Amino acid sequence: MTRHGEDIGRWLATQRRCWARLNTEQQTRLTALGVKKAPRARTTATKTGRGAPRPRAGGDAFQRGLQPLQQYVEREGRLPGRAAVERLPDGAEHRVGIWIGNQKARRDKLDQAQLAALAEAGWSGPAPECLPVFGR
């Protein structure tokens with residue numbers, strides 16, 4: 001359903017998903033309408049049939065991407081653009097611009113230490129999906 005061209009269902013899902021970012025009055029108003037905070041996503045078992053959770057791939061990959069990001073920010077004094085490629089001391093090239101964009105897009109899956117590392121490198125701000133839909 002849309003209202004003034006905005007998708008109400010998407011807006012509502014965003015409010016539920018980003019409940020912690022709403023102020024108390026907003027939470028109270030939504031609660032009065034029967035809206036509740038979205039439940040945390042459950043992790044699914046692996047397809048191997050063993051049912052054991054897979055190891056988190058993002059930990060090592062995050063650290064491999066953080067080094068070229070820090071190197072770029074130290075040299076340039078800003079975050080990279082999407083097309084930025086950073087050459088590491090060992091000669092390997094890393095598409096640091098794409099990497100930082102991916103981290104921003106997946107920030108809800110990053111742990112606090114990873115978010116802190118991104119903030120230290122110069123990135124901060126709310127997740128785009130948690131920005132208000134109406135009144136833009």
Side-chain angles (χ1 to χ4, degrees):
M1 174 180 213
T2 60
R3 171 99 173 150
H4 301 290
E6 297 290 342
D7 184 335
I8 302 298
R10 183 180 298 170
W11 176 84
L12 183 58
T14 300
Q15 304 314 300
R16 293 184 68 216
R17 186 175 52 251
C18 300
W19 191 264
R21 294 180 190 228
L22 299 174
N23 65 39
T24 306
E25 181 182 346
Q26 291 169 322
Q27 290 177 357
T28 302
R29 286 178 165 191
L30 288 171
T31 301
L33 294 171
V35 178
K36 298 177 184 173
K37 177 181 176 181
R40 291 184 56 92
R42 294 188 306 176
T43 57
T44 59
T46 60
K47 294 181 180 181
T48 60
R50 288 182 272 147
R54 296 185 323 198
R56 225 177 129 221
D60 292 338
F62 183 87
Q63 291 304 319
R64 283 192 308 273
L66 189 58
Q67 179 190 0
L69 173 65
Q70 291 168 332
Q71 181 177 303
Y72 182 95
V73 169
E74 186 175 306
R75 185 183 70 250
E76 300 292 329
R78 62 179 175 80
L79 290 177
R82 183 99 174 135
V85 176
E86 187 68 13
R87 185 177 299 274
L88 297 173
D90 65 2
E93 289 187 343
H94 189 275
R95 296 176 354 180
V96 69
I98 291 175
W99 181 84
I100 189 71
N102 289 342
Q103 301 315 302
K104 288 177 182 181
R106 299 177 184 132
R107 73 177 51 88
D108 59 328
K109 296 178 182 170
L110 298 176
D111 62 35
Q112 290 302 317
Q114 292 169 329
L115 291 170
L118 286 174
E120 187 176 315
W123 177 82
S124 63
E129 66 274 5
C130 292
L131 294 174
V133 174
F134 296 122
R136 281 193 225 176

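What you see is a predicted model; the values in this text were computed from it and never measured.
Between Leu110 and Arg106 the shortest side-chain heavy-atom distance does not fall below 4.5 Å. Ile98 has its side chain within reach of Arg82: a pair of non-hydrogen atoms, C-beta onward, lies under 4.5 Å apart. Taking the side chain as every heavy atom from C-beta outward, Val73 and Leu69 approach each other to under 4.5 Å. Between Glu74 and Gln70 there is no side-chain heavy-atom pair separated by less than 4.5 Å.
Here the CG atom belonging to Leu66 is positioned 8.5 Å from the CD atom belonging to Glu120, to the nearest 0.5 angstrom. Distance check: Gln114 CD to Arg107 CZ gives 13.0 Å after rounding to the nearest 0.5 Å. In this structure, CZ on Arg17 lies 9.5 Å from CZ on Arg10, to the nearest 0.5 angstrom. Note that CD of Glu25 is 10.5 Å distant from CG of Leu30, once rounded to the nearest 0.5 Å.
By the 30° and 60° cut-offs, the orientation of the rings of Trp99 relative to Phe62 is tilted.
Across every non-hydrogen atom of Tyr72 and Ala84, the tightest pair is CE1-CB, 4.0 Å. Scanning all heavy atoms of the two residues, the minimum distance from Ala121 to Leu79 falls at O-CD2, 3.6 Å. Nearest heavy-atom pair across Arg16 and Pro39 is NH2-CD, 3.7 Å. Residues Pro80 and Ile100 approach most closely at CG-CG2, 4.0 Å, considering heavy atoms. Closest non-hydrogen pair, Pro89 versus Gln71, comes out as CD-OE1, 3.5 Å. Contact between Gln15 and Leu22 at its shortest, heavy atoms only, is OE1-CD2, 3.2 Å.
Dense packing is recorded around CD of Glu76, with more than 12 heavy atoms of other residues, nucleotides or ligands lying under 6.0 Å away. Under a cut-off of 6.0 angstrom, the local environment of CD in Gln112 is sparse, with at most 12 non-hydrogen atoms contributed by other residues, nucleotides or ligands.
For the pair Gln67 (side chain) and Arg64 (backbone), a donor-acceptor distance under 3.5 Å is absent.
Residue Leu12 forms a side-chain contact (heavy atoms from CB on, under 4.5 Å) with just one option from Leu33, Val35, Asp7, and that option is Val35.
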